[in-house]
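Notes follow once the structure below has been shown.
Order of appearance sets the numbers: ligands from 1, and atoms from 1 within every ligand. Along the sequence shown, residues carry numbers from 1.
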Amino acid sequence: MLDRTTTLQNYQTYIDGTWTDAASGKTFETLDPYTGQPWALIPECDNTDVDLAVEAAHRAFDAGPWPKMTPTARGKIMRRIAQLIEQHAEHLAEFEVRDNGKLISEMLAQTKYMPEWFYYYAGLADKIQGAVVSVDRPDHFNYILREPVGVCAFITPWNSPLMLTTWKLAPALAAGCTVVIKPSEYTSASLLEFMKLVIAESGLPPGVVNVVTGCGPMVGEPLVAHRKVVKVAFTGGSATGARVNEIAARTFKKVSLELGGKSPNIVFDDCIMDDAVSGAVSGIFAATGQTCIAGSRLLLQEAIHDQFVDKLVSMAKTAKLGDPALAETQVGPVTTPPQYQKILSYIDIARSEGAKCVLGGEAAQKAEGGGKYFVKPTIFTGVNNRMRIAQEEVFGPVLSVIKFTNEDEAIEIANDIAYGLGAGIWTQSLKRPHTVAQRIKAGTVWINTYRAVSFMMPFGGYKASGLGRENGIEAIEGYLQSKSVWINNGSGGGNPFIMKTAS
Ligand code: TXE
């Protein structure tokens, strides 16, 4: 059971294998979204701490044992990380809930699943193979080395802090990279607990994983700009992602971005209706709608629209709002005060655009807990895909229902958006899922399911939803680069003033 003691916990950050205060000595408060009260103090890092952390990661990469260790030995340490997460999954989930207000059932499912990433990429560590190339020159022996890129910066958001760190950390460690992580200023505590219980106990050499805490402009920007960082992996909003990408481009860093979404959940009239209703509810109200893959645009085929909306409203209105630390709670508070304001402002926008509110549409006043950040599950019908409520990411429990007549129109609406992260399709047809999945411009398409993720399945976005893919075998490519080695075993002759080509 979550311990909500009122004394503020004082955290230090973790740089070069050592617990330390911010160089400035400053701290900032982190809030419990359920009570609305501060519960911990986090070091307020700045440029100086960023530099210390990147230098530590750089030493660990350049001179330290990590990249030099055999991949098999690296894999063993990663398996130890997985075991430590298994051991502390409940504790870590409780700290996630305290900091981000998401449901204990959801956060526990995540922390219990996280070890799989470390097992999977630990298994890949000693299967990173170069190649021998029979090059088109006589007497040559050519080969390609696959090398870790170097120091990586991770910038993570507040919605699933440890899970989204894991998606980056496991492939980076397997590749032999070293890392500096900047968590969201709203949810730094669970990462610091993870460092204490998992990373510091795992046998990883000092400097391989470091943390700098603080806000985006003060810590994130200098980290992205640092000349010794060679790769940036970011999860967050599209506007911040664009800024991170611009800064990283100035020093030619590799970048992967996992950004926002406005995913269509498309229900055809040949669906199994109860499954689709449940999928629509889970798509938008799970995690209080604060997921990048929220199915925030529900596309309903005309013939079933009214019946579906009735069933949807009946199910959604039973959602139990309350303390996210209790197993029976189904919708928790919004994580951050600015996010709460943003959601309420989009409810006003939807009304002013002429959408019809058939459920919720306001803040929920909760006496218990004391927190102010609850929003009632909200459904708007009569939404037109050109409205802002259909086009812009709300990141809250607000669903836009859009009617369509046929498959072509559904696909046109689904793709008529800046984003392309996920999409759901509900149908019993055998043929339709494949044709529709091919025509949807999104990184993930779920058919008769929604919000499923796995360490084995690539995850990422089309269009403004991001660059690159996390998870699956291809994710490790983002942390590797190729080196071509040429060995001439014959004569070194030829004209020294022209490039050596085949002719
Ligand atoms: O995210 P930010 P915010 C979306 C969602 C939400 C909106 C804003 O729509 O309403 O983004 O949320 C760091 N240089 N998503 O403001 O700013 C920041 O400190 C470097 C979708 O909380 O993107 C944090 O660690 N870093 C999303 C991280 O970026 C900077 C999850 C994410 O914060 C920075 C979260 C800067 N200039 C929000 N400014 C998803 N894809 O799941 C901020 N940061």
Side-chain angles (χ1 to χ4, degrees), residues 28 30-31 33 42 44-47 50 99-100 102 110 153-165 167-168 180-188 190-191 211-226 229 232-250 253 255-263 286-294 296 334-346 373 375 388-389 391-398 418-422 443-444 451 453 459-461 463-468 470:
F28 62 94
T30 188
L31 291 187
I42 306 292
E44 190 176 327
C45 297
D46 59 25
N47 241 328
V50 167
D99 232 8
N100 74 5
K102 281 172 74 173
Q110 291 190 5
F154 298 163
I155 297 184
T156 56
W158 39 263
N159 52 341
S160 293
L162 291 181
M163 180 85 153
L164 296 171
T165 302
W167 290 13
K168 300 165 179 50
V180 179
I181 308 171
K182 193 212 89 63
S184 167
E185 54 274 39
Y186 294 108
T187 55
S188 305
S190 61
L191 180 66
V211 176
V212 280
T213 46
C215 68
M218 289 282 287
V219 181
E221 289 206 14
L223 180 59
V224 173
H226 202 291
V229 168
V232 178
F234 171 88
T235 302
S238 295
T240 310
R243 171 130 188 94
V244 162
N245 201 18
E246 278 168 31
I247 297 170
R250 291 178 203 151
K253 296 177 187 353
V255 176
S256 61
L257 303 169
E258 199 270 274
L259 307 175
K262 192 78 186 177
S263 300
T288 320
Q290 300 175 116
T291 72
C292 49
I293 48 179
S296 49
V334 171
T335 302
T336 78
Q339 190 57 37
Y340 172 74
Q341 292 304 337
K342 178 179 168 184
I343 296 168
L344 293 180
S345 77
Y346 268 102
Y373 308 124
V375 176
R388 287 182 65 192
I389 196 64
Q391 290 288 319
E392 298 173 19
E393 188 180 46
V394 176
F395 221 61
V398 181
Y419 296 107
L421 196 58
T444 296
R451 256 188 114 230
V453 294
F459 183 91
K463 304 189 271 184
S465 290
L467 286 179
E470 298 191 300

| query | Near Cys292, which atoms of ligand 1 are under 4.0 Å from a heavy atom of that residue? | reply | 40 (C), 41 (N), 42 (O)
| query | Of Val334, Thr288, Val394, which is the lone residue that meets side-chain contact (heavy atoms from CB on, under 4.5 Å) with Val375? | reply | Val334
| For atom 33 (O) of ligand 1, is the nearest protein heavy atom under 4.0 Å away? | no
| With only distance considered, is Asn159 within less than 3.5 Å of ligand 1 through an N or O on each side? | yes
| Which part of Leu223 is near ligand 1, with near meaning a heavy atom under 4.0 Å away: side chain, backbone, both or neither? | neither
| remark: Taking only non-hydrogen atoms of Gln339 and a 4.0 Å limit, the atoms of ligand 1 in range are 6 (C), 10 (O)
| Distance from Thr165 atom OG1 to Leu191 atom CG, nearest 0.5 Å? | 5.5 Å
| task | Starting from atom 37 (N) of ligand 1, locate the nearest protein heavy atom and write down its residue, its atom name and how far away it is, to 0.1 Å. | result | Glu221 OE2, 2.8 Å
| Heavy atoms, side chains only, cut-off 4.5 Å: are Leu162 and Ser190 in contact? | yes
| task | Identify the protein heavy atom lying closest to atom 35 (C) of ligand 1, giving its residue, its atom name and the separation to 0.1 Å. | result | Pro157 CB, 3.6 Å
| request: Could you find the nearest protein heavy atom to atom 30 (C) of ligand 1 and give me its residue, atom name and distance? | output: Gly216 CA, 3.4 Å
| Could Glu470 and Lys168 be called an ion pair, given the rule that one side-chain N must be under 4.0 Å from one carboxylate O? | yes
| request: Would you check if the distance from the ring center of Trp167 to the ring center of Phe154 is below 6.0 Å? | output: no
| said: Taking the side chain as everything from C-beta on, heavy atoms only, tell me whether Leu164 gets closer than 4.5 Å to Glu258. | reply: yes
| message | Any heavy atom of Pro183 closer to ligand 1 than 4.0 angstrom? | response | yes
| request: Return yes when Tyr186 approaches ligand 1 closer than 4.0 angstrom through a heavy atom, no otherwise. | output: no
| request: Please confirm whether Trp158 comes within less than 3.5 Å of ligand 1 when only nitrogen or oxygen atoms on both sides are compared. | output: yes
| Short list, please: which atoms of ligand 1 are under 4.0 Å from a heavy atom of Ile155? | 13 (C), 20 (C), 25 (O), 26 (N), 28 (C), 29 (O)
| note | Nearest non-hydrogen protein atom to atom 11 (O) of ligand 1, with distance, is Gly237 CA, 3.1 Å
| query | Is any side-chain heavy atom of Gln339 closer than 4.5 Å to a side-chain heavy atom of Trp158? | reply | yes
| said: Please report whether atom 16 (O) of ligand 1 has a protein non-hydrogen atom at a separation of less than 4.0 Å. | reply: no
| Can you find an N/O atom of Gly236 closer than 3.5 Å to an N/O atom of ligand 1? | yes
| Quick one: CG on Leu259 to CD on Glu393, what's the gap to the nearest 0.5 Å? | 9.0 Å
| query | Nearest protein heavy atom to atom 9 (O) of ligand 1, by residue and atom, and its distance? | reply | Glu393 OE1, 2.5 Å
| query | Can you tell me which residue and heavy atom of the protein come closest to atom 19 (O) of ligand 1, and the distance to 0.1 Å? | reply | Glu185 OE1, 2.5 Å
| query | Is there at least one pair of N or O atoms, one from Arg243 and one from ligand 1, spaced under 3.5 Å apart? | reply | no
| So is Leu259 polar-close to ligand 1, meaning N/O to N/O under 3.5 Å? | yes
| task | Examine the side chains of Thr335 and Gln290 and answer whether a donor and an acceptor come within less than 3.5 Å of each other. | result | yes
| request: If you have a sec, work out which protein heavy atom is nearest atom 39 (N) of ligand 1 and how many Å separate them, to one decimal? | output: Thr240 CG2, 3.3 Å
| field | Tyr419 and Lys463, any side-chain heavy atoms less than 4.5 Å apart | value | no
| message | Please list, in number order, the atoms of ligand 1 under 4.0 Å from a heavy atom of Lys342. | response | 5 (C), 6 (C), 7 (C), 9 (O), 10 (O)
| message | A side-chain contact here means heavy atoms from C-beta on lying under 4.5 Å apart; do Thr444 and Leu421 qualify? | response | no
| Are the side chains of Val229 and Val224 in touch, meaning some heavy atoms are under 4.5 Å apart? | no
| remark: Quick look: Glu258 vs ligand 1, heavy-atom contacts under 4.0 Å, and the answer is both
| Which is it for Thr156 and ligand 1 at heavy atoms under 4.0 Å: side chain, backbone, both or neither? | backbone
| Within a strict 4.5 Å, meaning less than it, do heavy atoms of the Val212 and Val180 side chains meet? | yes
| No-hydrogen, no-angle side-chain donor-acceptor test under 3.5 Å, Ser188 and Lys182 | no
